[in-house]
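The structure under discussion appears below in the form of C-alpha cells.
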Amino acid sequence: MSAAAPGDSARHVIAVVEDDAALRRALRTSLRARGFDVREVATGEEGVVLAADAVADAFLLDLGLPDIDGLDVLARIREFSAVPIIVLTARDRQADKVRALDAGADDYVTKPFDTEELLARLRAALRRAPGGPPARTVVQCDGVEIDLARRLVTVGGEAVHLTRTELGLLEALVTNPGKLLTHQELLRRVWGQGYGTESEYLRVYVAQLRRKLGDAASSPRFILTEPGIGYRWIADELAAPPQPGLA
Ligand code: CA
C-alpha cells in the first residue's frame, strides 16, 4: 500500500461546486481541518471554469445546481479533464448515480453524508489520480497475492487458476482500488464495447472470483457489491494503516 505521508494532503486543492452555502461552509471547514486547500463555487458554469483553470486536484460536485445540471457539468469537464470528481447528490435515485458514474464520475456520496466517508473516498480518488503513486503490478492483501504482469494469483501461498474472464475482471477491480465501477464499465472493459446491460454475467463471475479468493458477499474482504450499481475493490482500504495526517 502506497500511503501518502502525513501532511501530503496540504498540497491538494479540492474544488467544491455546491449551491448550498451551509453545506459549502461545512465542507470547507472539514477539508481545511485535514490540510486541504479549498476552492468553492456555487454554480455549474463557475465549476466548469474552475476545472479549466486546472488548479484543483479533485472536485466535489453537487448534482442539483441552480444553472446547469450537475450531470452536464460533469460531461463538460470530462471533455477536457480527467480530474477526480466525486458527485454529491441528494437524489437517492439509483439511476442518477449510475448515470453520473457512467458519465465519468469517480464516486458519489448521497446527502446527508458522513464526512469521514467522504474524506476516505476523496483520498482514494486522489491516490488513483495521474501524478499519484505508480500503479502496482503486484498486489498483496490479506493472504492473497495478485501478480498482474505475470497473471498469477495465489491464495495462502497456493496458486489459484483463474480463467481469462476472471483475470480481466480481477484486474479491472484491483487497478481501481476503492473506485466504484458500474456494471456497464466492467462489462465494456472485460467483455467488450458491445456489452453493458448483462449484469447477470457479472453476478456469475464475481461469485466465482469470490469463491476462488476466499471472499464472501456477506462479509467482503476484497470485493464489495454496490447493489444495482456495480462493484468496488476494498482490500487496500481495509489493509491500509491509519494515516494520522489524513484521517
Ligand atoms: Ca444543490
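We use all heavy atoms of the structure for the numbers below, so side chains are in, but hydrogens, waters and symmetry mates are not.
- Side chain of D215 to backbone of P220: no donor-acceptor contact under 3.5 angstrom is found.
- Using a 4.5 Å heavy-atom cutoff, the side chains of Y205 and L170 are not in contact.
- R121 is not listed as a side-chain neighbour of F113, based on a closest heavy-atom distance of 4.5 Å or more.
- For the salt bridge (Lys or Arg N to Asp or Glu O under 4.0 Å) condition, no pair includes a residue of residues 46-60, sequence neighbours left out.
- Panel note: side chain K111, backbone L88; no donor-acceptor pair is recorded below 3.5 Å.
- With a 4.5 Å cut-off on side-chain heavy atoms, L27 and F36 do not count as touching.
- When the salt bridge (Lys or Arg N to Asp or Glu O under 4.0 Å) test is applied to R78, the partners found at least two apart in sequence or on another chain are D106.
- Within a 6.0 Å radius of CD in E158, no more than 12 heavy atoms belonging to other residues, nucleotides or ligands are found.
- Although no hydrogens or angles enter the test, the distance criterion places a donor-acceptor pair under 3.5 Å between the side chain of E198 and the main chain of G196.
- Side-chain contact between V16 and D62: absent, with no pair of heavy atoms (C-beta onward) separated by less than 4.5 Å.
- Interatomic distance, OG1 of T225 versus CZ of R203, reported as 10.0 Å (0.5 Å rounding).
- Take E171 and apply the side-chain contact (heavy atoms from CB on, under 4.5 Å) test, not counting sequence neighbours, and it matches L148, R151, T175.
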- For R34 and E116, what are the C-alpha separation, side-chain angles and deciding distance, and is it a salt bridge (Lys or Arg N to Asp or Glu O under 4.0 Å)? CA-CA 11 Å; R34 268 74 172 188; E116 293 308 321; 2.3 Å; yes
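- The environment of CZ in R28 is crowded: more than 12 heavy-atom neighbours from other residues, nucleotides or ligands sit within 6.0 Å.
- Residues I223 and W233 meet the side-chain proximity criterion, which asks for heavy atoms closer than 4.5 Å.
- V174 is not listed as a side-chain neighbour of F222, based on a closest heavy-atom distance of 4.5 Å or more.
- Residue Y231 holds its OH atom at 10.5 Å from CG of L224, rounded to the nearest 0.5 Å.
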